[in-house]
Protein chains: 2
Amino acid sequence: MTSTLGFAILAVLARGDRTGYDIAAAMRRPVGYFWTAGHSQIHGELQKLRTACLVEFETAHGPGPQDKKVYRLTAAGEAALREWVTAPPRERVERDELVLKTYASWLADPETVRRLFADQLALHEARLADYEQAEASYDGPPPFGDPRFGNYATLRCGLGYERHRAEWCRWVLSQLGDGG
Amino acid sequence: MTSTLGFAILAVLARGDRTGYDIAAAMRRPVGYFWTAGHSQIHGELQKLRTACLVEFETAHGPGPQDKKVYRLTAAGEAALREWVTAPPRERVERDELVLKTYASWLADPETVRRLFADQLALHEARLADYEQAEASYDGPPPFGDPRFGNYATLRCGLGYERHRAEWCRWVLSQLGDGG
DNA sequence: GGCAGCATGTAATTCGTTACATGATTCA
DNA sequence: TGAATCATGTAACGAATTACATGCTGCC
């Protein structure tokens with residue numbers, strides 16, 4: 001049973017051969033926007049994937065005390081990834097600390113709640129500006145079938161999410177009265 | 001160090017005294033929309049909260065082999081909750097399986113991707129209808145300071161989220177060409 | 001009599017984070 | 001000489017899921 005992290009790794013390798021280190025870098029940016037893992041988790045998962053014959057590697061020298069391992073998808077790995085892609089995702093429970101705080105916010109002083117949401121709003125607006133700049137670097141949506149379609153479509157999801165979040169923060173602020 | 005789950009439990013108890021069983025029920029609906037836990041996790045956490053003197057309980061009889069325990073917030077518990085509410089939430093990594101699949105979707109057959117997104121769209125539209133009905137039962141936003149403000153504000157977040165998701169699904173479908 | 005709901009817990013396992021441990025290459 | 005980057009791994013801990021385990025009350 002390959003975990004979702006396993007498929008995240010396969011999805012990275014589908015775009016080109018990588019070392020564990022490279023995969024960890026991809027898991028920060030851009031994959032980190034929707035899936036993350038530290039390098040320790042990745043090395044462990046790579047061993048499981050190899051046992052399952054979904055990836056293989058070639059060693060190359062340096063740098064460092066051990067040889068580096070350049071991983072690539074096997075035919076079985078690509079087939080497994082392809083099948084997983086269109087299988088319905090299992091329901092993940094939402095865990096959102098800000099929303100939980102909001103649920104209990106009626107207990108708190110409106111002025112400190114205002115500060116909390118103003119900070120969150122600034123954060124979402126900053127990310128939004130960032131994503132908008134990234135979007136501007138595209139010349140329209142890449143065609144489906146191009147790996148860049150994946151990048152663009154996920155960016156588009158992030159844009160929508162940040163807009164929704166910013167708007168919600170603004171709404172909460174609007175409910176807090178006119179305290180300044 | 002109280003965990004976020006601990007504060008979720010305190011947030012439920014702030015609305016009234018509950019047994020562990022009742023808390024577990026609340027963690028399915030309505031708290032489950034933004035935080036969840038099974039009863040086994042809750043019973044364990046309640047013991048930690050009691051050790052930290054943030055909650056206390058009174059036993060009452062039946063049903064069942066043991067007496068039931070009705071928990072309530074202590075003064076220290078309420079203070080801790082109040083302080084936590086306005087402290088900035090720690091950044092949670094997003095883990096979104098559907099977006100991950102989208103990132104790898106360029107590998108797959110457009111027709112099966114279409115089915116995946118059509119199903120997801122239906123799911124979000126159903127939830128949206130559900131939330132819209134819940135919103136209609138309110139007579140406008142409750143005032144801040146009322147516990148119902150928490151319920152309404154989180155519902156409002158859910159509405160925005162489902163709308164954003166549905167719209168994104170529609171956009172992905174629009175990019176898949178006219179295959180039927 | 002049987003089933004749903006109330007009610008509490010423990011155990012096993014997996015997933016994820018953080019810290020520990022090592023060490024060469026490249027650039028300033 | 002020193003810092004950043006490349007590169008791989010193990011260990012310890014905490015968070016979360018699932019399964020196991022028990023048994024009364026109230027309703028049909």
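By convention in this document, chain letters (A, B, ...) are assigned in the order of the sequence lines, proteins followed by strands, and residues within each chain are numbered from 1. Heavy atoms only: backbone and side chains are in, while hydrogens, waters and symmetry mates are out.
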Taking [atom1] from [X] and [atom2] from [N], how many angstroms apart are they, rounded to a whole number?
X	N	atom1	atom2	answer
B:R95	D:dT17	CZ	C1'	15 Å
A:M27	D:dA7	CE	C1'	17 Å
B:H61	C:dA7	NE2	P	11 Å
B:K68	C:dA7	NZ	P	4 Å
A:E91	D:dT18	CD	C1'	18 Å
A:D67	C:dG23	CG	C1'	13 Å
A:R28	D:dA7	CZ	P	12 Å

- Are the side chain of A:D22 and the backbone of A:T19 linked by a donor-acceptor contact shorter than 3.5 Å?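 Judged by distance alone, yes, a pair lies under 3.5 Å.
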- Query: Within the distance-only criterion (no hydrogens, no angle test), does the side chain of B:K101 pair as donor or acceptor with the backbone N or O of B:V113 below 3.5 angstrom?
  - Reply: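 Between the backbone of B:V113 and the side chain of B:K101 there is no qualifying donor-acceptor contact (under 3.5 Å).
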- Item | Divergence of helical axes at both termini of the helix from C:dG1-D:dC28 to C:dA28-D:dT1 - five pairs an end, 10° steps |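 End-to-end axis angle for the helix from C:dG1-D:dC28 to C:dA28-D:dT1: 30°, rounded to 10°.
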- Just how far is it from atom OG1 of A:T102 to atom CG of A:D96, taken to the nearest 0.5 Å?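 Reported to 0.5 Å precision, the distance equals 8.0 Å.
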- Item | Gap separating the CD1 atom of B:I42 from the NE2 atom of B:H39, nearest 0.5 angstrom |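 Going from CD1 on B:I42 over to NE2 on B:H39, the span is 9.0 Å.
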- Message: Please give me every residue in residues 11-24 of chain A whose heavy atoms get under 4.0 Å of an atom in DNA chain D, ordered by residue number.
- Response: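 DNA chain D contact set from residues 11-24 of chain A: A:T19, A:G20, A:Y21, A:D22.
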Regarding [X] and [Y], does a basic nitrogen lie under 4.0 Å from an acidic carboxylate oxygen?
X	Y	value
A:R114	A:E111	yes
A:R82	A:E78	yes
A:E94	B:R92	no

Donor-acceptor list for residues 64-77 of chain B side chains, cut-off 3.5 Å, not counting sequence neighbours:
unit_1: B:R72; atom_1: NE; unit_2: B:E56; atom_2: OE2; d: 2.9
unit_1: B:R72; atom_1: NH1; unit_2: B:E58; atom_2: OE2; d: 3.4
unit_1: B:R72; atom_1: NH2; unit_2: B:E58; atom_2: OE2; d: 3.1
unit_1: B:T74; atom_1: OG1; unit_2: B:C53; atom_2: O; d: 2.8
unit_1: B:T74; atom_1: OG1; unit_2: B:L54; atom_2: O; d: 3.1
unit_1: B:T74; atom_1: OG1; unit_2: B:A76; atom_2: N; d: 3.4
unit_1: B:T74; atom_1: OG1; unit_2: B:G77; atom_2: N; d: 3.0

- Message: Taking salt bridge (charged side-chain N to carboxylate O under 4.0 Å, His left out) as the definition, give me every residue that meets it alongside B:E83, ordered by chain and number, with sequence neighbours left out.
- Response: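 Testing B:E83 for salt bridge (charged side-chain N to carboxylate O under 4.0 Å, His left out), a comparison that skips the adjacent residues, returns none.
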- For nucleotides 9-15 of chain C, 5' to 3', base contacts (B), sugar-phosphate-only contacts (S) and non-contacts (-) with protein non-hydrogen atoms under 4.0 Å give BB----S
- Could you check whether the rings of A:Y161 and B:Y161 sit parallel, tilted or perpendicular, using 30° and 60° as the cut-offs?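 Ring orientation, 0 to 90° scale: perpendicular.
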- Pairs meeting criterion ring-ring contact (aromatic ring centres under 6.0 Å, His included) with involvement of residues 92-135 of chain A, two or more places apart: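 Sorted result for residues 92-135 of chain A: A:Y33-A:Y131, A:Y103-B:F34, A:F117-A:W168.
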